[in-house]
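Working notes, structure below.
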Amino acid sequence: MDLHRPPDGTLKLPGADLTPDFFRRPPGVCARALIGCIFRWHGCEGRIVETESYEEFDDPACHTWNRPAARNFIATHDAGTAYVYLNYGVHWLFNVLTKGPEGNGFVLFRALEPVAGLEEMRKRRGVSDEISLCSGPGKLTKALGIMGIHHGVDFLGGGPTGIREGGGMEIVTGGRIGISRAAERPWRFGAAASSCLSRRF
DNA sequence: GTCATGATTCAA
DNA sequence: TGAATCATGACA
């Protein structure tokens with residue numbers, strides 16, 4: 001299994017922090033480009049290995065399809081803002097707002113490969129296995145301590161939160177998971193070699 | 001594989 | 001008031 005980091009976990013890849021401009025592109029473009037980037041959140045870091053994109057219009061699986069609040073969120077927030085919500089009354093899911101001239105939408109973070117702060121993640125998750133620490137959209141929010149209070153937060157300002165540019169990983173695509181409408185659209189993106197995916201492609 | 005879990009949003 | 005929901009862990 002290749003976790004794309006040395007065994008001691010100390011590797012710090014060079015790269016600048018993403019800015020809101022990164023998210024002024026369509027959600028599908030952003031979702032693909034985020035694979036391999038490092039998500040940093042208050043002392044914990046993980047490499048993004050799985051995402052899904054949701055389009056503001058003509059996408060029955062997007063919250064904007066039947067939630068006025070989601071449409072209002074897009075209207076009142078800038079690109080790069082965190083869109084966090086509770087799913088099934090149990091799990092927080094973390095999305096990033098994409099907003100630009102070619103269309104708006106969201107990117108759902110579905111899985112990370114733990115890079116730093118693993119002990120903190122283990123404490124919050126209650127499991128020790130590194131592979132399964134962040135191998136799902138609900139797991140990664142629990143591991144990082146992401147909750148409803150982070151909804152609407154601009155987290156790209158540098159400092160304790162942000163996303164460092166990465167890439168260079170072989171990417172695979174597939175249908176979105178866990179939805180009943182428009183699931184066949186190939187808007188799920190993953191790092192082909194990762195062992196931390198929520199499901200195999 | 002099945003199943004219990006259980007908050008929020010929104011329409012009726 | 002109720003239906004729907006971008007999931008997980010436990011158990012068989």
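So you know, we letter chains A, B, ... as the sequences are listed, proteins then strands, and number each from 1.
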Inset, instruction - In sequence, state the C-alpha distance, the side-chain angles, and the governing distance for A/Trp65 and A/Glu56, and then conclude on side chain to side chain contact (heavy atoms under 4.5 Å, CB included). - result: CA-CA 8 Å; A/Trp65 188 261; A/Glu56 178 181 20; over 6 Å; no

Heavy-atom nearest nucleotide on DNA chain C taken for A/Asn95 and for A/Lys139; more 5' hit belongs to A/Asn95

Practice task
Check whether any side-chain heavy atom of A/Arg24 lies under 4.5 Å from a side-chain heavy atom of A/Thr98, and answer yes or no.
Solution key: no

Out of C/dC6, B/dT9, B/dA7, minimum distance to the side chain of A/His63 belongs to C/dC6

note: A/His91, atom NE2; B/dT5, atom C1'; distance rounded to Å ~ 8 Å

Whole-Å distance, A/Asn66 CG to B/dT8 P, equals 18 Å

Between A/Glu113 and the options A/Ser194, A/Ser135, A/Cys134, the side chain to side chain contact (heavy atoms under 4.5 Å, CB included) test singles out A/Ser194

Across the strands shown, which category fits A/Tyr85 at heavy-atom distances under 4.0 angstrom: base, sugar-phosphate, nothing? base

Below the 4.0 Å mark, does C/dA7 have OP1 or OP2 next to a side-chain nitrogen or oxygen of A/Arg110? yes

Self-check item: C1' gap between B/dT8 and C/dG9, integer Å
Solution: 22 Å

**Q.** Phosphate-side-chain proximity, A/Ser180 and C/dA4, N/O vs OP1/OP2 below 4.0 Å
**A.** no

Exercise for review: Assess whether atom CG of A/Asp129 is packed by more than 12 heavy atoms of other residues, nucleotides or ligands within 6.0 Å.
Suggested key: yes

With the side chain defined as heavy atoms from C-beta on, A/Ala69 is closest, among B/dA7, C/dT8, B/dT9, to B/dT9

Testing C/dC6, B/dA11, C/dT8 for proximity to the side chain of A/Pro68, the answer is B/dA11

field: Ring centroids of A/Tyr54 and C/dC6 base under 5.5 Å with planes under 30°
entry: yes

In whole angstroms, the gap separating P of C/dA7 from CD of A/Glu50 amounts to 10 Å

Taken to the nearest whole Å, CZ/A/Phe73 to P/B/dT8 is 17 Å

Of A/Gly89 and A/Ser198, the one whose nearest nucleotide on DNA chain C sits closer to the 5' end is A/Gly89

Quick check, are the ring centers of A/Phe155 and A/Phe94 under 6.0 angstrom apart? yes

Picking from C/dG9, C/dT8, C/dT5, the nucleotide nearest the side-chain atoms of A/Arg125 would be C/dG9

Considering every strand and a 4.0 Å limit on heavy-atom distances, what is the contact class for A/Ala61: base, sugar-phosphate, or nothing?
base

Taken to the nearest whole Å, CG/A/Asp129 to C1'/C/dG9 is 14 Å

Would you say a side-chain N or O of A/Arg67 is under 4.0 Å from OP1 or OP2 of C/dA4? no

In whole angstroms, the gap separating P of C/dT8 from CG of A/Leu140 amounts to 8 Å

Answer for the Watson-Crick or wobble partner of B/dT5, both distances under 3.5 Å, is C/dA7

Would you mind classifying the nucleic acid contact of A/Arg199 as base, sugar-phosphate or nothing, using non-hydrogen atoms under 4.0 angstrom? nothing

Between CG of A/Leu93 and P of C/dA7 the distance, given in whole Å, is 6 Å

From CD of A/Glu52 across to P of C/dC6 the rounded distance in Å is 10 Å

Only one of A/Phe73, A/Phe106, A/Phe57 passes side chain to side chain contact (heavy atoms under 4.5 Å, CB included) with A/Thr64, and that residue is A/Phe106

Practice task
Would you mind classifying the nucleic acid contact of A/Leu86 as base, sugar-phosphate or nothing, using non-hydrogen atoms under 4.0 angstrom?
Solution key: sugar-phosphate

